Each structure stands twice: as structure tokens, then as C-alpha cells.
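Structure first, commentary second.
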2 protein chains.
Amino acid sequence: MAKHDPDLSLLFHALADPTRRSILTRLAETPARVTDLAGPTGLRLPTVMRHLSVLEQAGLIATSKDGRIRTCAIVPEALDPVRTWLDEQRAIWEARLDRLDAFVMNVMKESVE
Amino acid sequence: MAKHDPDLSLLFHALADPTRRSILTRLAETPARVTDLAGPTGLRLPTVMRHLSVLEQAGLIATSKDGRIRTCAIVPEALDPVRTWLDEQRAIWEARLDRLDAFVMNVMKESVE
DNA sequence: ATCATGCTTAGCCATGTCGCTAACTATCGC
DNA sequence: GCGATAGTTAGCGACATGGCTAAGCATGAT
């Protein structure tokens, strides 16, 4: 039943935060240091560190330390499970669309009230 | 900068919970009553209600009440923003892949330690 | 009218999340 | 070595989340 899917939960949770998404978008341009990432967010370093470790645990970014500088970069294939799940769901959902159509129409009318 | 994107945050957060994902998968088969949804989860009704309202606020399901029975159904197009965001990210990420490749390789070697 | 059913509300508890400050460690430049 | 820089750790406070029970309300069946 795919009850236990820690990967997806970690990924979705990591993506649920606007700050983390903006960090990802920022990292998509080019790898960056922790301080560089903190700048645009307006958040303190420890806070950003936390976000980064959430992203790293979800596998969305990889980091490496060179001297006293930690560099962060995205891990592009990390989004694959999300994409896969989405595709699966869409497949199922659309397969049942005909059956749902009438029902949804009803709901639409009712939910105006 | 797309800083404020409550939609995406709500969606991702709703999807971050295994129980909620299993409810969605269950609803993909056919609309169902609250009690029907509670059954497989092993959770109490109020708990399931909470999950349902999270899903509903995220726009992932729609519900309607007929007599004392509330029926829930998926809203297929609700996943579109997620899909769109994913597509955008993939586009950006892949565009920079060449630049990242070498870096990621380095990280891989280092992160063994 | 009465009772069972189905949902809802209120409220409790444990835990998790997200922000912070303060203090610490580790490098780099001089 | 000394001070500045980059990151890290520890711990706090406010609030959100996810589970529960208990009690309430509305509807359907008898």
C-alpha cells in the first residue's frame, strides 16, 4: 500500500517551505556558500543551516567543505521520486475522471454556499 | 522572486504526510465517505477529519454533505501547480547540469568520508 | 420518541518546526 | 599569534502538527 515511503515524505516536507524552495532555485543558478544563501533570505546563519540540512537529508542538495567554506549544490535527480509519484497519481486520477466528473460537478454547485 | 507562494506550500505540506497520500490514492479509486476513509488508516475519525481538511484547504479534494454523510473526492487538476513547479525546476536544473557535473563529482568523492 | 449512525467540535498531550541569540570551533590573512 | 571570517553547536520560545478522548449535534431507521 506504499504506506511507508519516508523518501517522499522527506522530499515533500523539504519542498513545503518557501525559504527552502527559494534556496533551491538560487542553487539552480550556481553552487553557493552558506553565507551567500543566507543573504537573500534575511535569515540568520543557524536558521539557514537548518534549512540546508533539511534539504540535504531529503537528498535535494549536496554539500562539501573546502577549508572553512561549505559549498552547496543541487542534486538534480533528487526530484525524480516526486515526479514519478506525480505521474502515477495523474495516471490513476485521470483513469477515473469519467466516473468522477458528474460528482465533481455536483460539489461545485454545492460548495458555492 | 516567487517568495510568496502559499499554494505550493500548502500543496507540498499536504502531500508530505503518508496518511494523506494514502487517502488520496484511495480516493483516486472512487469517492468515499469519511468513515470509509478512516477504516484503512486505523486512525480515529477526528484525526482523519483533520487530514481531510488539510487536503481540502490545499484544494486536493472536494467534499459535499448529503444528509449526515460527507462524501470526498479528488480534484485532479489540483496537482497542476506542483507539476508546473517541478517542470520549471527541472528546466533550470538541467540547463546548468554541465556546470554542476564536475562539482557534484567532487562532492561524491568527499562525502564518503 | 428513541436509538444508532455519521460526523463535528473542543480540548488535551507529545512532539516537531522555525525563528532567534550566544558561544564555540576552525580557518585565513597579516 | 591575532583578529577577522565562515561555519557550527546548544538551547530557548512561540507556534504548528498529529494523535487521542469526550461530548455534542444531525439524520435515518424503528
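Here is how names work: the chains are called A, B, and so on, in the same order as the sequence lines, proteins then strands, and each is numbered from 1. Since the model is a prediction, treat every value here as computed from it, not as a measurement. Side chains included, hydrogens not; waters and symmetry mates left out as well; all remaining heavy atoms used.
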Those residues that, when tested against B/R26, pass salt bridge (Lys or Arg N to Asp or Glu O under 4.0 Å) (two or more places apart): none
Please list, chain by chain and in numerical order, all residues satisfying side chain to side chain contact (heavy atoms under 4.5 Å, CB included) with B/D80, sequence neighbours excluded. B/E77
Please encode protein proximity along nucleotides 10-21 of chain D as a string of B, S and -, counting only heavy-atom distances under 4.0 Å. -------SBBBB
B/I69 CD1 to C/dA4 C1', in whole Å, measures 13 Å
Listed pairs, N/O of protein and of nucleotides 25-27 of chain D, under 3.5 Å:
| unit_1 | atom_1 | unit_2 | atom_2 | d |
| --- | --- | --- | --- | --- |
| D/dT27 | O2 | B/R68 | NH1 | 3.1 |

Please name all residues satisfying side chain to side chain donor-acceptor pair (under 3.5 Å) with A/E56, sequence neighbours left out, ordered by chain then number. A/T63
A/H13: partners by side chain to side chain donor-acceptor pair (under 3.5 Å), with sequence neighbours left out: none
Quickly work out the A/D36 CG to D/dT5 P distance and round it to whole Å. 15 Å
A/R83: side chain to side chain donor-acceptor pair (under 3.5 Å) partners, not counting sequence neighbours: B/D87
Please identify each residue that fulfils side chain to side chain contact (heavy atoms under 4.5 Å, CB included) with B/A58, with sequence neighbours left out. B/L10, B/L11, B/A14, B/L60
A/F12 and A/W85 aromatic ring geometry - parallel, tilted or perpendicular at 30°/60° bounds: perpendicular
Show the atom names and distances, to 0.1 Å, of all donor-acceptor pairs under 3.5 Å that link a side chain in residues 43-50 of chain A to residues at least two apart or in another chain.
none

